[in-house]
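Beneath this line is the structure, given in structure tokens, with notes to follow.
Since the structure is predicted, the reported quantities are computational estimates derived from the model, not experimental observations.
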Amino acid sequence: AATEAAMHVPTPDKFLGTYDLSPIDPSNVGMIYYRKMLATLCAKKIPTLVFLTPTNHTLLHDYIDTPDYDANLHLLMRVPHCSSVRIVNLDRAIPGDEFIDNDHLTPAGNQRLAALLKPYVEDLRP
């Protein structure tokens, strides 16, 4: 039983290779889709909140607290968009003890995320 329980405890090594830190550039298929999605939302004037999801930097520090990771986040934040689209970086907004693993939140973490999102969602109302 102890071995079974230990298998489910998140450790940094279990996430090695999970995060692709390759530089994002205009030819990246995900970036092409992201830019087209934002352009479509803007063309239709659809109020939208895009947020970079919180990640457990306490757990993953050795793997993701790197210049490459931060450069990718900054690039995502700078994609051209219009006033009906709001892009918010919440990547480091939740403390490590409010995660279950690399990106799933505890009840307290979910409450914190809801509180962080609330003013942005309220701004989307017509």
Side-chain angles (χ1 to χ4, degrees):
T3 302
E4 179 73 22
M7 289 173 50
H8 299 290
V9 174
T11 58
D13 60 300
K14 291 179 181 173
F15 300 96
L16 182 61
T18 301
Y19 292 86
D20 180 1
L21 300 181
S22 302
I24 298 172
D25 65 41
S27 66
N28 176 281
V29 70
M31 187 56 116
I32 292 168
Y33 175 78
Y34 182 58
R35 293 172 70 96
K36 286 185 178 199
M37 177 187 68
L38 292 181
T40 300
L41 292 167
C42 287
K44 296 185 180 286
K45 296 183 170 82
I46 298 172
T48 304
L49 172 63
V50 175
F51 67 95
L52 306 184
T53 56
T55 302
N56 187 345
H57 283 262
T58 302
L59 177 65
L60 302 174
H61 170 74
D62 291 341
Y63 302 119
I64 64 173
D65 288 339
T66 67
D68 292 338
Y69 182 87
D70 288 332
N72 284 343
L73 292 180
H74 291 292
L75 182 62
L76 292 170
M77 293 290 297
R78 290 192 321 263
V79 168
H81 56 283
C82 59
S83 61
S84 68
V85 173
R86 182 80 184 262
I87 303 174
V88 180
N89 184 351
L90 298 181
D91 176 65
R92 289 177 170 89
I94 308 286
D97 62 350
E98 292 183 5
F99 285 88
I100 295 169
D101 55 19
N102 61 318
D103 59 1
H104 297 95
L105 298 169
T106 64
N110 279 310
Q111 286 180 329
R112 184 183 302 269
L113 179 59
L116 289 167
L117 291 173
K118 184 179 179 193
Y120 299 111
V121 172
E122 289 175 343
D123 282 349
L124 295 175
R125 293 183 188 163

Inset, instruction - Taking side-chain hydrogen bond (donor to acceptor under 3.5 Å, both in side chains) as the test, write out the residues that go with Asn72, two or more places apart. - result: none
Which donor-acceptor pairs under 3.5 Å do side chains of residues 30-52 form with protein atoms, sequence neighbours excluded?
residue : atom : partner : partner atom : Å
Tyr34   : OH   : Leu76   : O            : 3.1
Thr40   : OG1  : Lys36   : O            : 2.9
Thr48   : OG1  : Ile46   : O            : 2.9

Legend entry - Residues forming a ring pair (Phe, Tyr, Trp, His ring centres under 6.0 Å) with His81, sequence neighbours excluded: none
Inset, instruction - Evaluate the criterion side chain to side chain contact (heavy atoms under 4.5 Å, CB included) for residue pair Leu116 and Ile94; output intermediate values, then yes/no. - result: CA-CA 10 Å; Leu116 289 167; Ile94 308 286; 3.9 Å; yes
Legend entry - Qualifying residue for ring-ring contact (aromatic ring centres under 6.0 Å, His included) with His57, from Phe99, Tyr69, Tyr63: Tyr69
Inset, instruction - Determine the sole option in Asn56, Thr58, Thr106 for which the side-chain contact (heavy atoms from CB on, under 4.5 Å) test with Glu98 is passed. - result: Thr106
Legend entry - side-chain contact (heavy atoms from CB on, under 4.5 Å), paired with Ile64, selected from Thr55, Leu59, Asp70: Thr55
Inset, instruction - Would you indicate whether the side-chain heavy atoms of Leu73 and Arg92 approach each other to under 4.5 Å? - result: yes
Legend entry - Any side-chain heavy-atom pair of Leu113 and Leu90 under 4.5 Å: yes
Legend entry - Any donor-acceptor N or O pair under 3.5 Å, side chains Thr66, Asp68: no
